[in-house]
Amino acid sequence: MITYEQLKQNEDIRTYIRKADESLVALGYTEHSFAHVCKVAEIAADILRTLGHDEHTIELVKIAAYLHDIGNLVNRVEHSQSGAVMAFRLLDHMDMAAEDIATIVTAIGNHDEGTGVAVNAVAAALILADKSDVRRSRVRNRDLSRFDIHDRVNFSVERSELTISADKESITLALDIDTEVSSVMDYFEIFLARMTLCRKAAETLGLRFKLVINQQELL
């Protein structure tokens, strides 16, 4: 089996991820490079491991997470679909088993809130991990006077933590937000669709999704 660690060392894939992020730099988006995809891989793996999934499935979600934003190389619009096609070609050429490719491609193709559906556990974990990666260090623009709403919201987040309850009945995204930088309403304005997708992803995993901002449960 092709492993997550092997993919991380693959220079062609690293080039695609780096170049995809360069396109997003030009468009003014937050960081979508190695820090993001590796963090998403770790979070997604922790979700499935906590819920008792086997190590093979955990390896698949890490690979899906590492490749999930590669479609930004083609275009930001529908990047989940183009990324799924790219991932299929890359993994097929590496002789990965068809069933494993299918699981990874399905997860990548369903991770974006515009078209995504949490069709299986791997897709659900990827959605939750991706949408919970909201943090100040993803903001590249350091000129506060030029911040758009995405910059303000991400820069305002001082802490972001995704945890599964001890009874494994709920998953909580807890955020500490500096409301002098961005209001809670700003967060909902740009992330409501993402939080709705997270709720559905949690349900796929048999969990209830909770959103807590500044110690207040909002969802």
Side-chain angles (χ1 to χ4, degrees), residues 17-18 20-47 50 65-66 68-69 72 75-77 79-80 111-116 118 124-166 169-203 205 207-219:
I17 293 172
R18 186 174 65 254
D21 188 54
E22 287 177 10
S23 294
L24 296 185
V25 172
L27 293 171
Y29 279 81
T30 54
E31 183 267 328
H32 283 71
S33 191
F34 299 106
H36 172 61
V37 298
C38 291
K39 183 177 181 64
V40 172
E42 293 169 6
I43 295 171
D46 285 343
I47 291 170
T50 300
Y66 190 68
H68 81 279
D69 272 339
N72 286 305
N75 198 292
R76 178 62 181 174
V77 178
H79 72 281
S80 56
H111 84 269
D112 190 60
E113 62 270 18
T115 55
L126 175 57
I127 288 166
L128 286 161
D130 181 39
K131 306 315 173 192
S132 66
D133 187 20
V134 187
R135 51 188 162 83
R136 178 168 292 186
S137 57
R138 292 191 69 185
V139 179
R140 293 185 248 244
N141 174 23
R142 291 307 190 198
D143 182 355
L144 272 68
S145 67
R146 295 175 53 241
F147 272 11
D148 63 12
I149 189 171
H150 292 85
D151 290 333
R152 289 201 310 274
V153 168
N154 278 277
F155 195 79
S156 72
V157 177
E158 299 173 331
R159 182 183 69 92
S160 173
E161 187 176 13
L162 188 69
T163 57
I164 296 175
S165 61
E169 291 187 357
S170 64
I171 185 166
T172 301
L173 174 59
L175 304 174
D176 288 342
I177 289 178
D178 181 348
T179 54
E180 292 188 3
V181 176
S182 174
S183 69
V184 173
M185 189 58 68
D186 281 344
Y187 180 88
F188 276 104
E189 181 178 337
I190 63 172
F191 285 142
L192 183 58
R194 300 182 193 185
M195 295 301 96
T196 300
L197 186 57
C198 283
R199 177 177 58 79
K200 294 177 179 178
E203 290 171 356
L205 295 170
L207 302 168
R208 184 164 70 90
F209 180 72
K210 297 180 181 182
L211 175 64
V212 175
I213 298 180
N214 293 349
Q215 289 78 55
Q216 297 294 315
E217 185 172 327
L218 302 178
L219 288 177

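Positions are given from 1 along the sequence.
- Within the 4.5 Å cutoff, side-chain heavy atoms of Q215 are placed close to those of D176.
- Annotation: side chain of I47 is in contact with side chain of L162 (closest heavy-atom distance under 4.5 Å).
- Of the possible donor and acceptor atoms, none in the side chain of N72 sits under 3.5 Å from a partner among the backbone N and O of D21.
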Please lay out, stage by stage, how E189 and D186 fare under the test side-chain contact (heavy atoms from CB on, under 4.5 Å). CA-CA 5 Å; E189 181 178 337; D186 281 344; 4.1 Å; yes
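- We find the NE2-CD1 distance between H32 and I17 to be 12.5 Å, quoted to the nearest 0.5 Å.
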Please lay out, stage by stage, how S80 and T115 fare under the test side-chain contact (heavy atoms from CB on, under 4.5 Å). CA-CA 9 Å; S80 56; T115 55; 3.8 Å; yes
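- Taking each heavy atom of A124 and L205 in turn, the nearest pair found is CB-CG, 3.8 Å.
- Atom OG of S137 is separated from atom NZ of K39 by 8.0 Å, given to the nearest 0.5 angstrom.
- Considering only heavy atoms from C-beta on, L211 stays 4.5 Å or farther from F191 through its side chain.
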Using the rule given for side-chain contact (heavy atoms from CB on, under 4.5 Å), can you reason through T179 versus S156, listing the C-alpha separation, both sets of side-chain angles and the distance that settles it, and then say yes or no? CA-CA 7 Å; T179 54; S156 72; over 6 Å; no
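- The CD1 atom of I171 lies 7.5 Å from the OG1 atom of T163; values are rounded to the nearest 0.5 Å.
- Going from atom CG of D178 over to atom CD of E158 covers 5.0 Å, rounded to the nearest 0.5 Å.
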Go through the steps for E31 and R140 under the test side-chain contact (heavy atoms from CB on, under 4.5 Å), then give the verdict. CA-CA 7 Å; E31 183 267 328; R140 293 185 248 244; 4.2 Å; yes
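- F209 meets the ring pair (Phe, Tyr, Trp, His ring centres under 6.0 Å) test with no other residue; sequence neighbours excluded.
- In this structure, S165 contributes its side chain and S170 its backbone to a donor-acceptor pair below 3.5 Å.
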Compile the donor-acceptor pairs under 3.5 Å between side chains in residues 126-134 and protein atoms, sequence neighbours left out, one pair per line.
unit_1 : atom_1 : unit_2 : atom_2 : d
D130   : OD1    : H36    : NE2    : 3.0
D130   : OD1    : H68    : NE2    : 3.2
K131   : NZ     : H111   : O      : 3.2
K131   : NZ     : E113   : OE1    : 3.1
S132   : OG     : L128   : O      : 3.0
S132   : OG     : A129   : O      : 3.1
D133   : OD1    : R135   : NE     : 2.5
D133   : OD2    : H36    : ND1    : 2.6
D133   : OD2    : R135   : NH2    : 3.2

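- With values rounded to the nearest 0.5 angstrom, L219 atom CG is found 8.0 Å from I213 atom CD1.
- More than 12 heavy atoms of other shown residues, nucleotides or ligands fall within 6.0 angstrom of atom CD in E217.
- In this structure, R146 places its CZ atom where only 12 or fewer heavy-atom neighbours from other residues, nucleotides or ligands lie under 6.0 Å away.
- Residue F155 comes nearest to R142 through the heavy atom pair CE1-NH1, 3.1 Å, listed as atom of the first residue, atom of the second, then distance.
- Atom-to-atom distance recorded for Y187:OH and L175:CG is 5.0 Å, nearest 0.5 angstrom.
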